[in-house]
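Below is one structure, written out as structure tokens, with a few remarks after it.
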Amino acid sequence: MIGSQKRQKNSGSGTMEKLGAILAIGWTLGAGAGTLDAQTLGDLELVTVQLIADSTTLVPGRPITIGLHLKMAPGWHTYWEYPGDSGLPITLDLELPEAFRSTALQWPLPLRMVEPGDLEVYGYKDEVLLLMRLFPPADLDASTVVLRGMAEWLVCEAICLPGQGAVALELAVGDTLTPSHVDLFARFRDQLPQPLRGRPGEPVEVSWERTAEALRLNVKGPAEWTYDFFPLPSSSSILLGHPATSAASDRERAVVEIPLLSAPADLGRLPGVLVAKDPASGERRGWRLFGP
Amino acid sequence: MMIMKITKLLAFSSLFFASAVIAAPEVGKPAPEFTLTDSNGETHNLADFRGQHVVLEWLNHDCPFVRKFYGAGQMQAWQKEVTDAGDVWLVINSSAVGKQGHLTPAAANEVSQSKNAAHTALLLDHDGNVGRAFGARVTPHMYVINPEGVLIYNGAIDSIPSANPADIEKAEAYVMTAWNASREGRPVEKAVTRAYGCGVKY
């Protein structure tokens, strides 16, 4: 069965192959939206992927935000930039036109999920929009611009299937920006972690403690919030257990304990994302913590 | 009062550790001993292989990350390199009955033959006890044990976590680097890495 596999994309299990797993590609075009590519399993559309922009037009020298929009079938999930115990992050290999620049992918707050075998993973269900700022050159001389790229991901339920999709987005060049997908971009922009720099006036304060077998992140912030931490270990030789949050005895603080299965003796902190949830509204917000 | 509080805190933290991960054996310490039956009904005891290096490979043949290496013929090539050198390569299947990648003895032999596998034996661990003792999280999770029975490598098969066979030649094959280093009497520089793949279907 292993040898019969011709392409990595979309062929996960022998059983599923018998169901006739194929990659189907559909084409739809909308304002500010690029071609739609899909990963299917039999009749089930597992993942659709599309490159979209928050403006249907491009103005020379004015940045816009573009987004890689993935929609997952119910029950299936894709992965955050650090996937946890298993899985792979979503990737986008984007070809930029001459003299364009862009930021790296910006990742909305992930969910903590459990896969069989007590694996803890971090990722997305239903849909996610990964954002990038795009900077066109001031001397842009073209009537339209086309962005092309290849997105890759792993999508899992009880089993995992790698998928990939070609994305393309055509933008007309004009004098004014033409807002598009306003609600979608706003919803996911709100889910981007903000940098936490340890300056006065920030809503939460953090400090780190190192024990022989764990790192402890002390969080001081509004007592009504609940806290969670998603690590972003900088090296593949750092192996982490599952972060667990408990309320400190004074109730003003929360403590996140991150077991270290393998780490340098002098590792005193970890980059990652601290997430606070307001149990009343269910709203989540997050802060990016920086490493050593 | 104070002592009560501390005891409570300790109880909490040990709970967190217990739920955090399945036990992982420590690199540099003796590997957990085990006895398993292979796909031909023969029994193998890890202690039988003292004097040889032993590579352990966790297998779920339907996992895309495993297929990446078998489809390219790379896993078989590494198996052959190790067994041709007089060392031991044990493939372990911990997929439970009814779960993806579960192999009956006959199916295990069919998989081995159709892939031209060059391992020493394919061991069946359907209750998952050996997988859990080693902390095997994913397929393919890899381990190397030295001739003295000491675990010298625990982690990823190579340095590029992906399901794309084109990445194999660009990656550093951590498991083979560790095996080669130990054979040549050098220390294993990357002795623990983050294994990638599909979760083991316990």
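A note on names: the letters A, B, ... follow the listed sequences, proteins ahead of strands, and every chain is numbered from 1. Quantities reported herein were computed from a predicted structural model and do not represent experimental measurements.
- Distance check for B:C63 and B:C198: the SG atoms are under the 2.5 Å cut-off.
- Contact count versus chain B (heavy atoms, under 4.5 Å) is highest, among A:S235, A:P233, A:A158, for A:P233.
- Residue B:V138 touches chain A through its side chain alone, counting heavy-atom pairs closer than 4.5 Å.
- Heavy-atom distances place both the backbone and the side chain of A:S236 under 4.5 Å from chain B.
- Ion pairing of A:R284 with A:D228 is absent here, as no side-chain N (NZ or NE/NH1/NH2) approaches a carboxylate O to less than 4.0 Å.
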Inset, instruction - Could you go through the side-chain hydrogen bond (donor to acceptor under 3.5 Å, both in side chains) check for B:S182 and B:N146 one step at a time? - result: CA-CA 7 Å; B:S182 180; B:N146 76 8; 5.2 Å; no
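- Neither the backbone nor the side chain of B:K99 comes within contact range of chain A, judged by heavy atoms closer than 4.5 Å.
- Remark: B:E172 engages B:K190 in a salt bridge (Lys or Arg N to Asp or Glu O under 4.0 Å) (not counting sequence neighbours).
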